[in-house]
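Source: prediction; values computed, not measured.
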Amino acid sequence: MLFVASDTGCADLAMDPGDPSILYAGMWQVRRTPSFFTSGGPNSGLHKSTDGGSTWTRLKTDLPAGDLGRIAITVSPATPEVVYAVVESRRTVLFRSQNRGESWVEMNSSTNVSQRPFYFSLVVADPKSADRVYKPGLQAAVSDDAGKTWGALGAGGVFGPSYHSDVHALWVNPRNTDQLVMGTDGGLYTPPDRGSTWRFVQSLPVGQFYHVSYDLQWPYNVYGGLQDNSTWFGPSRRSGGIGGRHWQSLSPGDGFWSFVDPRDEDVVYDEIQGGNLFRTQKSTLERKDIRPSPGIGEPKYRFNWNTPIHLSRAAPGTMYYGAQFLFRTRDMGESWERISPDLTTNDPKRQRQDQSGGLTLDNSTAENNATIFAISESPKNPRVIWAGTDDGHVQVTRDGGKTWTNVVKNVQGIAPNSWVSSIEAGVADEATAYVTFDAHMDGDMKPYVYRTRDFAATWQPLALADLRGYAHVVKEDPVNSNLLFVGTELGLFTSIDGGQRWAQFKAGLPNVAVRDLAIHPRDHDLLIATHGRGLFVVDDLTPLRKLDTTTLEQEVVFLASRPSTMVIPVFEFGFHGDGEFIGDSPAEVASISYYLKRHHMFGDLKLEIYDAGNNLITTVNGGKRRGINRVDWPMRLAAPNTAPGASLVPNLYSLIGPRVPAGPTR
């Protein structure tokens with residue numbers, strides 16, 4: 001076993017393909033906190049084992065002296081004596097060894113191999129040529145002369161090759177080295193000709209969404225910001241399913257919060273990293289930078305990597321934005337008023353972004369700290385506003401921003417300066433609010449969820465043993481205040497009794513990080529932003545709203561559902577194959593929901609559907625499982641009987657029955 005120090009871990013490991021007992025390990029001394037990042041130190045180094053890892057020797061000959069950072073290693077499958085290593089130091093360099101690491105030769109220190117060495121820490125040797133080596137980075141680079149000179153992998157225009165930037169994974173097919181598989185911040189690509197052309201793999205249902213919102217069109221659109229992949233919007237419903245081609249991008253960069261202006265649905269407020277806020281016209285994609293800027297004599301504004309936007313529900317047209325101060329606009333961002341003092345700790349130790357990085361300066365705004373991270377205005381009273389910071393403050397004003405009180409001291413059981421990951425003002429009561437804390441960056445993986453019902457004089461912890469994973473977001477249902485949702489790093493959890501008991505919400509949702517939640521006010525859908533598996537929609541929360549502790553004790557209970565819309569189906573003439581992931585669209589049916597206390601064991605379970613005149617329309621098979629069952633009824637009568645010769649004149653509509661008349665059923 002190789003152990004160097006408690007602050008040092010193995011960042012890369014390579015095995016000699018000619019002798020599996022020979023291993024190379026890049027050990028990395030690193031620390032990343034919410035406010036600072038340090039790559040490198042005396043404990044970083046390149047180590048070698050010749051006995052399968054039982055003993056190790058640090059390699060130093062010809063390698064840089066002093067503090068080292070992250071080290072990337074690859075061994076040539078064509079000639080195992082040849083080893084490449086990219087070593088982060090005061091001057092990051094690509095080295096090459098021809099004797100299994102006993103000595104090294106400096107090959108190159110250009111931007112192709114040295115950019116952001118902690119982030120782009122991968123070097124890949126070609127399986128058949130010891131002189132061909134690949135270096136993923138902002139773009140991928142390739143060398144055919146053992147690393148002396150480099151060129152871009154793949155041709156392109158002014159913006160580079162046609163693949164997404166930030167390359168983090170690369171595999172070269174050992175049987176056909178022209179075939180590559182490359183992973184970037186934008187997805188997976190499979191060039192068949194060593195990068196001359198690029199095929200994007202569209203069939204993977206993955207995506208890292210930070211936040212989610214909606215508009216009020218029918219069908220409504222879903223909006224969300226993706227890690228390094230812009231802000232997007234797409235339809236929530238579409239006959240034939242929802243493909244990637246049905247989504248539209250709004251802005252470049254990392255996408256975070258985005259909201260449609262409730263007074264003009266052609267206007268979207270969206271942002272990219274570091275507080276860059278835009279007002280975008282959907283129809284033309286015209287964009288205007290509306291980020292508040294400091295005036296003469298004001299301090300520099302500090303914006304989080306993921307800066308919060310909040311649109312008022314009580315006063316449409318009002319929008320809030322957070323730096324270390326809280327800003328408010330009532331004219332679509334044309335002007336801003338500062339309505340708070342500095343709500344953070346204003347600790348100078350948390351404001352060293354220009355020094356962050358360690359051996360290599362890394363000023364990406366990712367470590368911006370002492371900033372507002374969560375904002376929520378009471379929908380009952382717009383003068384009540386809550387703000388949470390990434391350095392542990394929970395602030396509240398009850399007079400529209402004239403005076404503020406830091407109430408975090410009233411929250412028991414959390415460590416000082418724990419990141420406030422979300423705040424949710426109570427929908428039914430202006431004195432109620434919910435807050436989640438996330439301390440995982442300080443090594444604490446527990447969930448922290450609290451509620452106050454007295455303007456933060458006291459707080460009740462809601463994160464019981466039923467919750468797993470540190471908490472990202474809490475949401476109160478706008479109709480039933482006892483129905484709560486919490487998104488954690490390990491999934492979605494729900495409570496029907498105000499947070500006394502929790503159950504994980506599964507039903508096709510994997511154990512994935514849930515970063516944000518939104519509830520559509522008209523369609524009553526729950527929108528879920530996950531960091532890894534894209535967006536999910538739970539269709540119609542109405543049945544859950546009717547589920548309470550009394551209902552759970554009954555043998556069987558029918559649960560209300562939203563009114564069902566008769567949709568005229570359409571068909572898009574196009575056969576796109578299986579190369580694109582197609583998201584599910586809500587079925588064009590009426591949903592019937594009921595609760596069973598026990599699993600129905602014996603015999604059939606059928607549902608009879610009657611019209612308003614108490615006439616039996618049809619009978620459908622029902623679900624038998626314990627808990628909530630949903631049965632889909634297509635709102636059609638039985639298909640008509642056809643004459644024996646009807647097949648001579650084919651008619652699609654002889655296979656399905658006519659629609660029932662619109663109106664109430666039971």
(request) Answer yes or no: does atom CZ of R199 have more than 12 heavy-atom neighbours from other residues, nucleotides or ligands under 6.0 Å? (result) no
(request) Decide whether N276 and E271 meet the rule of one side-chain donor and one side-chain acceptor closer than 3.5 Å. (result) no
(request) Starting from the C-alpha separation in whole Å, work towards a yes-or-no answer on side-chain contact (heavy atoms from CB on, under 4.5 Å) for T530 and V512. (result) CA-CA 7 Å; T530 78; V512 65; 3.8 Å; yes
(message) Do S376 and H310 make a side-chain contact, defined as non-hydrogen atoms from C-beta onward lying under 4.5 Å apart?
(response) yes
(message) Salt bridge or not between E102 and K48? Use side-chain N to carboxylate O under 4.0 Å.
(response) yes
(request) Return the minimal non-hydrogen interatomic distance between F303 and N368, and the atom names on each side. (result) O-ND2, 2.7 Å
(message) Under a 3.5 Å threshold, yes or no: a donor from one side chain and an acceptor from the other, between T436 and S421?
(response) yes
(request) Assess whether salt bridge (Lys or Arg N to Asp or Glu O under 4.0 Å) is satisfied between R350 and E367, documenting all intermediate values. (result) CA-CA 9 Å; R350 294 178 171 271; E367 276 76 38; over 6 Å; no
(request) Decide yes or no on side-chain hydrogen bond (donor to acceptor under 3.5 Å, both in side chains) for N306 and H211, but give the supporting numbers first. (result) CA-CA 10 Å; N306 180 357; H211 298 291; 3.1 Å; yes
(request) Anything under 30° is parallel, anything over 60° is perpendicular, the rest tilted; go ahead and classify Y450 against F437. (result) perpendicular
(message) Taking the side chain as everything from C-beta on, heavy atoms only, tell me whether H164 gets closer than 4.5 Å to Y189.
(response) yes
(request) Any chance you could measure F3, atom CZ, to C10, atom SG, to the nearest 0.5 Å? (result) 13.5 Å
(message) Would the distance check show the side chain of D516 and the main-chain N or O of V212 forming a donor-acceptor pair, the cut-off being under 3.5 Å?
(response) yes
(request) Could you walk me through whether H472 and E489 pass side-chain hydrogen bond (donor to acceptor under 3.5 Å, both in side chains), step by step? (result) CA-CA 7 Å; H472 293 297; E489 185 67 11; 2.7 Å; yes
(message) In the structure I gave you, are the side-chain heavy atoms of Y448 and P461 within less than 4.5 Å of one another anywhere?
(response) no
(request) Please step through side-chain contact (heavy atoms from CB on, under 4.5 Å) for the pair Y163 and F200, ending with a clear verdict. (result) CA-CA 8 Å; Y163 56 82; F200 179 56; over 6 Å; no
(message) Could you check whether R32 makes a cation-pi contact with F37, meaning its NZ or CZ is under 6.0 Å from the centre of the six-membered ring and within 45° of the ring axis?
(response) yes
(message) Under a 4.0 Å threshold between the charged nitrogen and the carboxylate oxygen, would E298 count as salt-bridged to R338?
(response) yes
(message) If the test is side-chain contact (heavy atoms from CB on, under 4.5 Å), which one of L68, T8, V4, D67 qualifies with Q29?
(response) T8
(request) Supply the atom-to-atom distance H393 NE2 to T405 OG1, rounded to the nearest 0.5 angstrom. (result) 12.5 Å
(message) Looking at every heavy atom in both S422 and V474, which two are closest together, and how far apart are they?
(response) OG-N, 3.3 Å
(message) Would W305 and F256 count as a ring-ring contact (aromatic ring centres under 6.0 Å, His included) here? Give the steps.
(response) CA-CA 9 Å; W305 168 263; F256 297 97; 5.8 Å; yes
(message) Under 6.0 Å from the ring centre and within 45 degrees of the ring axis: does the NZ or CZ of R515 meet both conditions for the six-membered ring of Y210?
(response) no
(message) If you compare all heavy atoms of L13 against all heavy atoms of L23, which two are closest, and at what distance to 0.1 Å?
(response) CD1-CB, 4.5 Å
(request) Go through the steps for I71 and F95 under the test side-chain contact (heavy atoms from CB on, under 4.5 Å), then give the verdict. (result) CA-CA 11 Å; I71 301 172; F95 290 91; over 6 Å; no
(message) Could you check whether any side-chain N or O of R58 sits under 3.5 Å from a backbone N or O of L46, counting only pairs where one atom can act as donor and the other as acceptor?
(response) no
(request) Look at the aromatic rings of W459 and W386 and report parallel, tilted or perpendicular, splitting at 30° and 60°. (result) perpendicular
(request) Check the pair Q504, R468 against side-chain contact (heavy atoms from CB on, under 4.5 Å), reporting the backbone distance first and the verdict last. (result) CA-CA 9 Å; Q504 185 169 3; R468 297 184 301 110; 3.0 Å; yes
(message) Check D438 with K446, please: is the shortest side-chain N to carboxylate O separation under 4.0 Å?
(response) no
(message) Are I372 and Y321 packed together at the side-chain level, in the sense that at least one heavy-atom pair is separated by less than 4.5 angstrom?
(response) no
(message) What I want to find out is whether D131 reaches R96 closely enough, with some N-O distance under 4.0 Å, to be called a salt bridge.
(response) yes
(request) Can you spot which of D390, N369, T344, T365 makes a side-chain hydrogen bond (donor to acceptor under 3.5 Å, both in side chains) with R302? (result) T344
(message) Is it the case that the side chain of D254 and the backbone of Q227 share a donor-acceptor pair, with hydrogens and angles ignored and the cut-off at 3.5 Å?
(response) no
(request) Spell out, as yes or no, whether a donor-acceptor pair under 3.5 Å connects the side chain of D466 to the backbone of W502. (result) yes
(message) Main chain of L343, side chain of Q395: is a donor-acceptor contact present, judged purely on distance under 3.5 Å?
(response) yes
(message) With a 6.0 Å cut-off (strictly less than), is the heavy-atom count around NZ of K409, excluding the residue itself, greater than 12?
(response) yes
(request) Provide the closest heavy-atom pair for Y84 versus A130 in the form atom of the first, atom of the second, distance. (result) OH-O, 2.6 Å
(request) To the nearest 0.5 angstrom, please state how far the OG1 atom of T38 sits from the CG atom of D362. (result) 11.0 Å
(message) Using side-chain heavy atoms (C-beta onward) and a distance below 4.5 Å, is Y24 in contact with S97?
(response) no
(message) Regarding D16 and R100, does a basic nitrogen lie under 4.0 Å from an acidic carboxylate oxygen?
(response) yes
(request) Establish, from distance only, whether the side-chain atoms of D270 and S251 form a donor-acceptor pair under 3.5 Å. (result) yes
(request) Starting from the C-alpha separation in whole Å, work towards a yes-or-no answer on side-chain hydrogen bond (donor to acceptor under 3.5 Å, both in side chains) for N99 and E81. (result) CA-CA 5 Å; N99 53 12; E81 292 82 8; over 6 Å; no
(message) Under a 3.5 Å threshold, yes or no: a donor from one side chain and an acceptor from the other, between D391 and T345?
(response) yes
(message) Ignoring hydrogens and geometry beyond distance, is a side-chain donor-acceptor pair present between E88 and T360 at under 3.5 Å?
(response) yes
(request) Would you please say whether a donor-acceptor pair under 3.5 Å links the side chains of S230 and S249? (result) yes
(request) Return the minimal non-hydrogen interatomic distance between A5 and N43, and the atom names on each side. (result) CB-ND2, 3.5 Å
(request) Please work out whether the ring planes of H168 and Y119 are parallel, tilted or perpendicular, with thresholds of 30° and 60°. (result) perpendicular
(request) Give, for atom CE of M107 and atom OG1 of T149, the distance between the pair rounded to the nearest 0.5 Å. (result) 9.0 Å
(message) Under a plain distance cut-off of 3.5 Å, with no hydrogens placed, do D342 and Q324 share a side-chain donor-acceptor pair?
(response) no
(request) Kindly indicate, with the supporting measurements, whether the criterion side-chain hydrogen bond (donor to acceptor under 3.5 Å, both in side chains) is fulfilled by Q351 and N346. (result) CA-CA 8 Å; Q351 301 175 41; N346 198 23; 3.0 Å; yes
(message) Ignoring hydrogens, what is the shortest heavy-atom contact between S76 and P17? Give both atom names and the distance.
(response) O-CG, 3.9 Å
(message) For the residue pair R70 / S39, report whether a side-chain donor-acceptor contact shorter than 3.5 Å exists.
(response) no
(request) Supply the atom-to-atom distance D442 CG to D444 CG, rounded to the nearest 0.5 angstrom. (result) 8.0 Å
(message) Just verifying a value: how many Å separate D126 CG and R132 CZ, rounded to the nearest 0.5 Å?
(response) 4.5 Å
